[in-house]
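Order of the sequence lines sets the chain letters (A, B, ...), proteins ahead of strands, with each chain counted from 1.
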Amino acid sequence: MSFNPVIQPQEAADLLPAGLAPALPARQSRRDVRADPLWLRWVLTGIALSFLTVFIVVPLVNVFSQAFVKGFTAYVGAIRHPDALAAIRLTIIAAFVAVLLNVVFGTITAWAITKYKFRGKSILISLVDLPFSVSPVISGLVCVLLFGAHGCFGPWLQENDVKIVFAVPGIILATVFVTFPFVARELIPLMREQGTQDEEAAISLGASGLRTFFRVTLPNIKWALLYGVLLTNARAMGEFGAVSVVSGHIRGETNTMPLHIEILYNEYQFMAAFAVASLLALLALVTLVAKAVLEKRIARAAR
Amino acid sequence: MAGGIAVLRRQPSVIPGFGITLGVSLTWLSLIILIPLAALFLKTTELSFERFIMIVTSARTLHALELSFGLALAAAATNLVFGLIVVWVLVRYDFPGRRVFDAVIDIPFALPTAVAGIALTNLYAENGWIGGLLAPLGIKVSFTQLGIFVALVFIGLPFVVRTVQPVLQDFEGDLEEVAATLGASRWMTIRRVIFPTLVPALLTGFALAFARAVGEYGSVIFIAGNLPNVSEIAPLLIIIRLEEFRYADATAIAAVMLVASFILLLIVNLLQRWSERRAGKR
């Protein structure tokens with residue numbers, strides 16, 4: 001007789017109705033393999049959260065706390081100062097132009113890279129990423145080297161009375177350079193994943209190239225495009241190093257918000273500096289919330 | 001189709017617009033990125049070799065370059081260690097506020113550098129929230145090299161976390177279980193199974209954080225104090241030379257930094273190709 005009265009856990013699972021099966025020892029030991037001991041969980045969580053709190057959360061809280069250190073009226077006064085308002089206006093203009101140009105050219109570049117097969121594509125992708133690895137100060141410097149008084153086009157620009165460096169066009173140019181990768185970088189992985197079948201179907205049904213783009217491709221990529229706009233805008237409004245080199249720091253004329261913050265801070269007007277800074281910090285927070293919402297939509301679009 | 005583009009030899013496609021879109025892309029990239037950077041190197045070639053070497057090896061320049069590269073390395077290494085811990089905790093553990101802390105990682109990406117700069121300076125000043133705690137211990141952060149380090153850690157963290165996090169998330173628990181079943185201890189499983197999977201991502205994150213920190217300007221200059229030969233970073237020295245109309249000096253320093261960041265970019269690309277190959281094998 002080979003009757004075995006001891007029922008193994010796995011056999012027990014087979015005997016039980018399906019819904020009751022999970023609470024088994026075998027299953028639990030599987031989970032134990034991957035679980036860290038409790039003390040280690042506490043230590044690692046403690047280290048990670050302290051690190052994030054000290055290095056990221058506290059500085060952010062500090063911005064808002066310093067901005068309101070003299071009360072709400074002083075805060076509003078600092079923001080409504082004519083120089084601050086001029087800086088805000090210029091920042092919005094520069095960011096708007098940078099976003100516009102980068103949306104158009106970023107989308108075209110992403111389209112060329114993802115919808116066709118050609119040699120040298122990886123070089124093109126590296127070129128798109130290049131501004132990310134260049135110091136913002138160097139981005140500003142090349143602008144001065146090209147368009148400054150002693151630059152390549154300097155004499156010609158002076159003759160024709162065109163001002164680029166130490167003027168608004170220079171600020172816009174530096175911003176465009178620094179923010180170029182964002183739109184293309186967001187679009188390329190998604191468009192690659194989506195492939196070319198939709199477009200090929202549209203074309204073979206007789207749609208023109210442009211019509212295909214606006215009616216087929218654009219709806220597929222709209223959330224990623226918006227995400228790229230969001231990141232471009234955040235970076236454009238906050239850009240400091242590149243803009244600092246080309247702006248010339250003329251108050252009320254060529255100062256963007258980050259440059260205005262620098263001037264106020266160096267003049268020991270700390271509260272006013274933090275008040276303007278709090279606007280940019282708020283923009284960063286709004287950007288992050290919008291980003292979280294968009295990421296979900298993009299994940300859905302990729303599927 | 002334009003002759004220059006035909007050289008790229010595309011494979012046939014039914015989608016129209018190859019010539020025009022690639023042409024526009026190449027023109028725009030050339031105007032905005034390629035020509036400006038080429039101009040920088042062209043300016044450098046106007047210098048004689050001896051002059052170039054003299055500028056780059058002058059005590060002040062050398063110190064600024066050493067400071068930027070050295071502290072960037074230290075900050076990236078710090079972020080590598082703490083970034084890995086943060087990733088592990090965020091991916092493997094569940095605790096109240098996990099999603100908030102996960103979102104917080106992106107703040108250094110989104111917060112303008114000038115804002116981060118004044119906030120950190122204020123915090124670590126002797127009467128600041130953190131500086132006030134450190135002052136009795138004799139630790140001075142604002143206006144020292146330590147301050148620069150703190151700023152570089154701040155801006156570099158998301159690079160490590162956001163590169164490593166998806167890899168650990170995709171890592172299949174089965175492998176860990178197999179290792180345990182075969183008798184490996186927990187430590188051995190981590191060292192021999194999990195860690196090797198993360199290495200390419202860790203190195204990529206490290207290189208990205210390093211590259212960003214080397215060129216960082218906004219968040220550093222407020223906290224650095226900017227004393228020549230003590231706490232003056234290379235990007236600041238470029239600006240100082242530019243303001244003194246010493247264009248040659250500014251260009252030479254920029255060229256050195258640019259070459260360094262190209263090399264870093266190349267390393268990142270090779271690392272990514274390596275990790276893709278490894279992922280393909282499995």
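Proximity to chain A (any heavy atom under 4.5 Å) is shown, for B/Leu40, by both the backbone and the side chain. Looking at A/Ile108, both its backbone and its side chain come within 4.5 Å of chain B, counting heavy atoms on both sides. Using a 4.5 Å cut-off between heavy atoms, A/Phe51 touches chain B through its side chain atoms alone. Neither the backbone nor the side chain of A/Val289 comes within less than 4.5 Å of any heavy atom of chain B. Only the side chain of B/Leu34 has a heavy atom closer than 4.5 Å to any heavy atom of chain A. In this structure, chain A has a heavy atom under 4.5 Å from the side chain of B/Leu120, while its backbone stays farther away. Heavy atoms closer than 4.5 Å to chain A are found in the side chain of B/Ile130, but not in its backbone. Using a 4.5 Å cut-off between heavy atoms, A/Lys121 makes no contact with chain B at all. If you measure heavy-atom distances from A/Phe177 to chain B, the contacts under 4.5 Å come from both the backbone and the side chain. Heavy atoms closer than 4.5 Å to chain A are found nowhere in B/Thr189, neither backbone nor side chain. In this structure, the portion of B/Leu157 lying under 4.5 Å from any heavy atom of chain A is its side chain and not its backbone. Both the backbone and the side chain of A/Glu200 have a heavy atom closer than 4.5 Å to some heavy atom of chain B. With a 4.5 angstrom heavy-atom cutoff, A/Ser244 touches chain B only via side-chain atoms. With a 4.5 Å cut-off on non-hydrogen atoms, B/Phe262 touches chain A through its side chain but not through its backbone. Neither the backbone nor the side chain of B/Val268 comes within less than 4.5 Å of any heavy atom in chain A. Heavy-atom distances place the side chain of B/Asn79, and not its backbone, under 4.5 Å from chain A. Neither the backbone nor the side chain of A/Leu231 comes within contact range of chain B, judged by heavy atoms closer than 4.5 Å. Only the side chain of A/Pro131 comes within contact range of chain B, with at least one heavy atom under 4.5 Å from a heavy atom of that chain. Heavy atoms closer than 4.5 Å to chain B are found nowhere in A/Val276, neither backbone nor side chain. Of the atoms belonging to A/Leu127, heavy atoms from both backbone and side chain fall under 4.5 Å from chain B. With a 4.5 Å cut-off on non-hydrogen atoms, B/Tyr247 touches chain A through its side chain but not through its backbone. With a 4.5 angstrom heavy-atom cutoff, B/Phe95 touches chain A only via side-chain atoms. When heavy atoms are compared at a cutoff of 4.5 Å, A/Ser204 does not approach chain B at all. For a residue to count as touching a neighbouring chain, one of its non-hydrogen atoms must lie under 4.5 Å from one of that chain's; by this rule B/Thr27 does not touch chain A. Only the side chain of A/Leu146 comes within contact range of chain B, judged by heavy atoms closer than 4.5 Å. For B/Ile221, the part sitting under 4.5 Å from any heavy atom of chain A is the side chain, from C-beta outward, and nothing else. For a residue to count as touching a neighbouring chain, one of its non-hydrogen atoms must lie under 4.5 Å from one of that chain's; by this rule B/Leu258 touches chain A with backbone and side chain alike. When heavy atoms are compared at a cutoff of 4.5 Å, A/Ile203 approaches chain B solely by way of its side chain, counted from C-beta outward.
Contact check for B/Trp28 versus A/Val176: side-chain heavy atoms found under the 4.5 Å cut-off. You'll find the side chain of B/Phe222 reaches within 4.5 Å of the side chain of A/Glu262, heavy atoms only. A heavy-atom distance below 4.5 Å is found between the side chains of B/Phe101 and A/Thr53. A/Phe274 places none of its side-chain heavy atoms less than 4.5 Å from the side chain of B/Val115. Here the side chains of A/Leu288 and B/Phe109 are not in contact, with every heavy-atom distance at 4.5 Å or above. Inter-residue side-chain proximity for A/Leu280 and B/Leu111 is flagged as unmet; no heavy-atom pair is nearer than 4.5 Å. With a 4.5 Å cut-off on side-chain heavy atoms, A/Val245 and B/Ile238 do not count as touching.
Residue with the most contacts toward chain A among B/Arg212, B/Glu216, B/Lys43: B/Lys43 (heavy-atom pairs, distance under 4.5 Å). Among B/Ile190, B/Leu236, B/Val104, B/Ile35, the residue making the largest number of heavy-atom pairs under 4.5 Å with chain A is B/Val104. Per-residue heavy-atom pair counts under 4.5 Å with chain B were compared for A/Ile56, A/Val63, A/Leu130, and the maximum is reached by A/Ile56. Per-residue heavy-atom pair counts under 4.5 Å with chain B were compared for A/Val57, A/Asn266, A/Leu210, A/Val58, and the maximum is reached by A/Val58. The most heavy-atom pairs under 4.5 Å with chain B, out of A/Leu173, A/Leu52, A/Thr287, come from A/Leu52. Per-residue heavy-atom pair counts under 4.5 Å with chain B were compared for A/Lys115, A/Met257, A/Gln66, and the maximum is reached by A/Gln66. In terms of heavy-atom pairs under 4.5 angstrom with chain B, the leader among A/Cys143, A/Ala277, A/Ala292 is A/Ala277.
The pair B/Arg92-A/Asp36 fails the salt-bridge criterion, with no side-chain N (NZ, NE, NH1 or NH2) lying under 4.0 Å from an Asp/Glu carboxylate O.
Atom CG of B/Leu42 is separated from atom CG of A/Leu145 by 10.0 Å, given to the nearest 0.5 angstrom. Here A/Phe180 contributes atom CZ and B/Leu29 contributes atom CG; the two are 4.5 Å apart, rounded to the nearest 0.5 Å. Atom CZ of A/Phe213 and atom CD1 of B/Ile15 lie 12.5 Å apart (nearest 0.5 Å). Distance check, rounded to the nearest 0.5 Å: CG of B/Leu123 to CG of A/Leu60 gives 10.5 Å. How far OG1 of B/Thr251 is from CD1 of A/Ile138: 10.5 Å, rounded to the nearest 0.5 Å. Annotation: the span from A/Ser65 atom OG to B/Asn122 atom CG amounts to 8.0 Å, rounded to 0.5 Å.
Listed here is the closest heavy atom pair of B/Pro36 and A/Val142: O-CG1, 3.4 Å. Counting all heavy atoms, side chain and backbone alike, B/Phe82 lies closest to A/Ile47 at CE2-CG2, 3.6 Å. Between A/Thr109 and B/Ser25 the shortest heavy-atom distance is CA-OG, 3.2 Å. Nearest heavy atoms, B/Ala110 versus A/Ala284: O-CB, 3.5 Å. B/Ala254 approaches A/Leu141 most closely through the heavy-atom pair CB-CD2, 3.3 Å. Shown here for A/Ser135 and B/Gly215, the closest heavy-atom pair between the two residues is OG-O, 2.7 Å.
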Quiz prompt | Verdict with supporting geometry, A/Tyr116 and B/Phe18, ring pair (Phe, Tyr, Trp, His ring centres under 6.0 Å) | solution = CA-CA 7 Å; A/Tyr116 312 102; B/Phe18 175 71; 4.9 Å; yes
Practice problem: Could you walk me through whether B/Leu22 and A/Ile113 pass the side-chain contact (heavy atoms from CB on, under 4.5 Å) test, one step at a time? | Solution: CA-CA 8 Å; B/Leu22 190 64; A/Ile113 285 175; 6.0 Å; no
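Ring geometry, B/Tyr217 versus A/Phe240: the interplanar angle falls under 30°, so the pair is classed parallel (tilted spans 30 to 60°).
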